Amino acid sequence: VTETRTLGNSLAELPPILGWLEAVLRGAGVAAAIVGELRLIAEEGLSNVIRHGYADSTRHSIEVTLKIGGGEVLLVLRDDGQPFNPLAAPAQDPHNPIVERAGGWGIHLLQSLVDRADYRREGNANVLYLIKRSE
Amino acid sequence: VSLKIQLRQGRPLTQTLALVGRLDTETAPSLDAEVERVLATQVKVIVFDLSGVNYISSAGLGALFRAQKAMKARSGEALLVNPQPQVQKVFDIVKAVDVKAVFRDLAVLDEYLDEMQRRVTRGSQ
């Protein structure tokens, strides 16, 4: 199964995309606990891009691709925001107020919940490959 | 609505917010608003009953963290009871929430509140 959706850089567009993601994963028979963690990974990745990824106030689109097969789920997030590799963000003290404001908790969650991950800057896009075992 | 918040009163100066649904980017602002309303009253303890919460993200953690900070600032407490395993897992990973304020069930929480009440009563005698 491979499916793609796009959303704008607005937090209001997040819930329908996460709902779509859940529906696709459930439809493919992925266990509820894994579906919940993938929803969380997607929420943290996308909300971070929406909140911190753009220096301007124009509309941007973010592409979400879901690929299920071979005992794994691959989630790909592609945005045209400022270059940022969330996988390289250092381990952070959750009680540092700057970390809290900058979305450090979310990035830490994302890093902790994936089984494998890769980041590439492709042209003017950040592309985040997030893999989670589904079996 | 993906988060329902039910306000329950029991002990004096204690407000319980029973949450049902998801605590995330979408719903954290409504919890913040509800906590603000509670903070405007005479309250020493806020209890978040998490039995019905099946999902929490960093945005939800932020709302609980802010409530704990606000209650500490007024020498009160914000306590969390009965987190489901997937929610406890997030608490364990991020460690934003004060672990001493997390109770595995209502019986343990009641014991703690009883003891707190006894201390307050003794203190005022």
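Quick note on labels: first sequence line is chain A, next is B, and so on, each numbered from 1. Only heavy atoms go into these numbers, but all of them, side chains included; no hydrogens, no water, no symmetry mates. What you see is a predicted model, and the numbers here were worked out from it, not measured in a lab.
- Rounding to the nearest 0.5 angstrom, the gap separating the CD atom in A:Gln111 from the CD1 atom in B:Ile93 is 11.0 Å.
- Counted within 6.0 Å of CZ on A:Arg121, heavy atoms from surrounding residues, nucleotides or ligands total more than 12; the atom is thus considered enclosed.
- The 12-atom threshold is exceeded at CD of A:Glu122, counting heavy atoms of other residues, nucleotides or ligands nearer than 6.0 Å.
- Hydrophobic clustering (side-chain heavy atoms under 4.5 Å, transitive across Ile, Leu, Val, Met, Phe, Trp, Tyr) groups A:Ile50 together with A:Trp105.
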Below 3.5 Å, can you tabulate the donor-acceptor pairs from side chains in residues 16-41 of chain A to any protein atom, sequence neighbours excluded?
residue	atom	partner	partner atom	Å
A:Glu22	OE1	A:Arg26	NE	3.2
A:Glu22	OE1	A:Arg26	NH2	3.1
A:Glu22	OE2	A:Arg39	NH1	2.8
A:Glu37	OE1	A:Lys132	NZ	2.9
A:Glu37	OE2	B:Lys89	NZ	2.8

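- A:Leu113 is connected to A:Leu87 through a chain of hydrophobic side-chain contacts under 4.5 Å among Ile, Leu, Val, Met, Phe, Trp and Tyr, so both are in one cluster.
- Of the listed residues (B:Ala59, B:Ser57, B:Pro85, B:Ser2), the greatest number of heavy-atom pairs within a distance under 4.5 Å of chain A belongs to B:Ser57.
- Near-neighbour residues of residues 66-86 of chain A relative to chain B, defined by a heavy atom under 4.5 Å from a heavy atom of that chain, are none.
- No continuous path of ILVMFWY side-chain contacts below 4.5 Å connects B:Leu113 to B:Ile46, so the two sit in separate hydrophobic clusters.
- Side-chain heavy atoms closer than 4.5 Å link hydrophobic residues (I, L, V, M, F, W, Y) into clusters, and following such links, even through other members, never connects B:Phe65 to B:Val81.
- A:Tyr54 and A:Val64 fall within the same hydrophobic cluster, defined by Ile, Leu, Val, Met, Phe, Trp and Tyr side-chain heavy atoms under 4.5 Å apart, directly or through other members.
- Applying a 4.5 Å heavy-atom cutoff, the residues of residues 24-32 of chain B that approach chain A are B:Asp24, B:Thr25, B:Glu26.
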Using atom types as modelled, flag every donor-acceptor pair under 3.5 Å from a side chain in residues 33-43 of chain B to any protein atom, sequence neighbours excluded.
residue	atom	partner	partner atom	Å
B:Glu34	OE1	B:Arg37	NH2	2.8
B:Thr41	OG1	B:Val38	O	2.5

